[in-house]
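Shown next, in C-alpha cells, is the structure this report addresses.
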Amino acid sequence: MHFSIADTQLIKDQNHSFVTYNISINGSFHCSLRYKQLYNFHEQLKRTFGANTLPLFPPKRLLPLTPTQTEERRSQIEKYIQIISQDQRIVSSDLFNGFFLSGQQETQNSKMEEVIVDVFQLNWQSIKVQIYSTDRTDIVLDSVAKALELTPPLIPYFSLFVVKRVDNVCVPIRKLQNFESPYLTLKTMNSVDSSHAIVIRKSYWDSIYDDEVFGDRTAVNILYFQTLHDIEKDLIEANKETRRQLTSLQAKGSKQEYLQLSRTLKYYGYIQFEPCFCDYPQQNTRVLIATGGKELNIRAYTAAEHMKEYSFRVTRVRCWRLTTSLHDKLNGCAINANTSSSSSSSSLSSCQSTGAANTRFELSFEYLLSKDHLQWITIISDQAILMSVCLQGMVEELLMKRNGKKIKREEPSLQYTTNGTAGGSRRGSWSYMKRDGSSHQISLPRSVSTDAGLAYSAEIHNKPLKSSHSSHNGFPTKSRHFVENDAFNGIGDIGDDDL
C-alpha cells in the first residue's frame, strides 16, 4: 500500500476553523483528518505495539501554525503513515483498519444504510449484492462469494478490484483493502469519472494455485471469464493455431481445458499496464509494462518501432521506491520533487507530454543486472503505484511458498502489549476520535474471510520496522522509505549464469 498526503484544506464552521490532511491510498483519495485525530491514533498505536516500534510523530504546538509549519507537519505525517504501513502487524490490526474505515465514513458524512452494489465478473455480468454502505471490503467479498456460491475456503484466492472500463477493456486501478468501504470508494471515484466499476478476480500470481481451485465450478468460472477477457483483448499472446484451439474449446464450453491451454501462453495471469516511459535501456524509452510470472516485464519500443523484451526477475530486485513530483510539462522538467517513499528523487531527462504542470508518478527499483552490479531503473507512469503493489504481492507470495505456507484464512491477528509481545490490548478496546473531539468505539464485524489472504510465517508478520541504515543481503540500505525485498537473492546465492 502507498499512502500520500498531497495537500491540506482549511475547514471553517460557525465557531472556528481547522486544517485537515487529505490522505490518499494507492493513488485514490480516501479521507481527510485533523492533526488531533491522527495524534490520538498514534497514542493508541503506542499502547498497542510499543513506542519503540513506531517512528516519531510530529509534536503538538501551542500556537497556531504558519503556512510553512503546516507544510512541514503535512510532510512529517505523510512519512509517518508511510513507515507504519510497512509493518504487517499494524496494517492487519483492527485498530488500523477501523481507524481508516471510520475516517472514510466521517469524511463522506456517511450513515449506515442498506444499498445494492454491482460487482462484475470479467464477462461484465453483474452480481448484485445487498450490503450496508459502511461495510468493509472483506464483508462485501463474502456477500459476492455467497451470491456466486463460491466454496468458503476458496474466498482468499480472490479479491475485489476497482477497474476502469475503457471501450469494454478492463483497466485495473487498484485492489480494495479492508480499511475501506467498496461502496464509498466507488462513489468517490465515480463522482470524478463514472467509468469505474468493482470486479472480482484472482488475487494470486503463480498459476500453480489454479490447480487448487479447479474443483470448484464458481472458481473456474471466475478464472475463465478473466482469461477470456485477456485473450480477446490481446493481453495474452497467442498465435493463430492456439487461438483456433481456444475458440473451439470455448464453443464446446470446455472451460477447464481452455484454462489449461491458456496457462501455457505468455502473459497468462499478468496485469498489463498502459504505455508509459522508462530510463531503460536508455532515457525516455517508450515501454509496455506487465507484472506476473515472478517478473516485471518491460517491452521497449526501438527506433524502428519494433519491440525488445526485458525480464526483471522479482528475486533480483533489491528494493524499490515510489516518487511523486510536480512536473512542468511545458518545459519538460520536474519543478518540485517530493519523494514520498525514499529520501531522494530520481528524475528523467524528458517528460511524457507537453502542457501545464501536473503530478508525475515514478517507480524506481534497484536491480541486480550482473554480479556485483546494481542499477536503478525508473518508470514514469500514472499506474506506478499499482506496479509497486504488484511487486509487493509477488514478493509476499514467494516468501509464503519459501516458508511452506498455503493460501488460507488466517486466525484473527494477535494484539500486542507495550513491549511489542503478543497478548496486549483487548479486541474492541480502541476508539475513533471524530473531528469535533467526540469518540466512538472501533468495532469491526468478523467475516468468513476476515484476515483472509496469503498466510505468512510469524517471522514475516512480526518483525519490527527496519532502522534507517542497515544491511540487506550484503548490500547497505540507504533510507527507511525504500521498500526492501525480503525475497532478494544477493551475490552469495547466484552465479553469472543465473543473471
Nearest heavy atoms of [X] and [Y], plus distance in Å:
| X | Y | answer |
| --- | --- | --- |
| V162 | T185 | CG2-CG2, 4.5 Å |
| P275 | L288 | CG-CD2, 3.6 Å |
| S203 | P156 | OG-O, 3.1 Å |
| A147 | V129 | CB-CG1, 4.3 Å |
| W205 | G292 | CE3-CA, 3.7 Å |
| I83 | P55 | CG2-CG, 3.9 Å |

Residue pairs involving residues 216-242 (criterion ring pair (Phe, Tyr, Trp, His ring centres under 6.0 Å); sequence neighbours excluded): Y224-Y258
Candidates R313, K266, R316 - the one meeting salt bridge (Lys or Arg N to Asp or Glu O under 4.0 Å) with E295: K266
Stepwise side chain to side chain contact (heavy atoms under 4.5 Å, CB included) test for Y268 and T227: CA-CA 7 Å; Y268 171 78; T227 305; 3.5 Å; yes
Y367 ring center near Y310 ring center (under 6.0 Å):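 No, too far apart.
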Looking at [atom1] of [X] and [atom2] of [Y], how far apart are the two atoms once the value is rounded to the nearest 0.5 Å?
| X | Y | atom1 | atom2 | result |
| --- | --- | --- | --- | --- |
| W124 | R165 | CH2 | CZ | 5.0 Å |
| I25 | H30 | CD1 | NE2 | 4.0 Å |
| N403 | L398 | CG | CG | 11.0 Å |
| Q121 | S126 | CD | OG | 10.0 Å |
| Q76 | I81 | CD | CD1 | 12.5 Å |
| I385 | N26 | CD1 | CG | 6.5 Å |

Residues, nucleotides or ligands: over 12 heavy atoms within 6.0 Å of K146 NZ: no
I208 atom CD1, over 12 foreign heavy atoms within 6.0 Å: no
Spell out, as yes or no, whether a donor-acceptor pair under 3.5 Å connects the side chain of [X] to the backbone of [Y].
| X | Y | result |
| --- | --- | --- |
| T151 | L154 | no |
| S75 | E71 | no |
| R201 | L122 | no |
| E149 | T218 | no |
| Q272 | A290 | no |
| H2 | L322 | no |
| D230 | L235 | no |
| Q108 | L184 | yes |
| T107 | S32 | yes |
| Q383 | F273 | no |

Do [X] and [Y] have side chains that approach each other closer than 4.5 Å (heavy atoms only, starting at C-beta)?
| X | Y | value |
| --- | --- | --- |
| Y209 | E397 | yes |
| Y270 | I236 | no |
| N297 | Y267 | yes |
| Y183 | V140 | no |
| I379 | F365 | yes |
| S381 | L363 | no |
| L246 | S262 | yes |
| V287 | C276 | yes |

Which residues share a ring pair (Phe, Tyr, Trp, His ring centres under 6.0 Å) with F158, sequence neighbours left out: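 In terms of ring pair (Phe, Tyr, Trp, His ring centres under 6.0 Å), with neighbours along the sequence ignored, F158 is linked to no residue.
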With sequence neighbours excluded, residues passing ring pair (Phe, Tyr, Trp, His ring centres under 6.0 Å) with Y21: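 Residues passing ring pair (Phe, Tyr, Trp, His ring centres under 6.0 Å) with Y21: none at all.
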Basic-acidic side-chain contact under 4.0 Å: [X], [Y]:
| X | Y | value |
| --- | --- | --- |
| K164 | E274 | no |
| K202 | E212 | no |
| R263 | D211 | yes |

All salt bridge (charged side-chain N to carboxylate O under 4.0 Å, His left out) counterparts of D118, not counting sequence neighbours: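 Testing D118 for salt bridge (charged side-chain N to carboxylate O under 4.0 Å, His left out), a comparison that skips the adjacent residues, returns K128.
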For K401, salt bridge (charged side-chain N to carboxylate O under 4.0 Å, His left out) partners two or more places apart: D206
Pairs where residues 239-253 contributes a residue and the test salt bridge (charged side-chain N to carboxylate O under 4.0 Å, His left out) is met, not counting sequence neighbours: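 Output for this query lists D234-R243, E241-R244.
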Intermediate values then yes/no, side chain to side chain contact (heavy atoms under 4.5 Å, CB included), M394 and L296: CA-CA 10 Å; M394 287 189 288; L296 191 153; 5.5 Å; no
Audit row: T242, N239, side-chain hydrogen bond (donor to acceptor under 3.5 Å, both in side chains) steps and yes/no: CA-CA 5 Å; T242 303; N239 59 35; 2.8 Å; yes
Chi angles and distances behind the side chain to side chain contact (heavy atoms under 4.5 Å, CB included) call for F161, L386: CA-CA 11 Å; F161 290 78; L386 180 57; 5.8 Å; no
side-chain hydrogen bond (donor to acceptor under 3.5 Å, both in side chains) evaluation trace for D216 with Y157: CA-CA 12 Å; D216 185 89; Y157 289 77; over 6 Å; no
Intermediate values then yes/no, side chain to side chain contact (heavy atoms under 4.5 Å, CB included), T323 and T378: CA-CA 10 Å; T323 304; T378 298; over 6 Å; no
Q392 and E396: CA distance, side-chain angles, deciding distance, side-chain hydrogen bond (donor to acceptor under 3.5 Å, both in side chains) verdict: CA-CA 6 Å; Q392 185 68 45; E396 290 175 347; 3.3 Å; yes
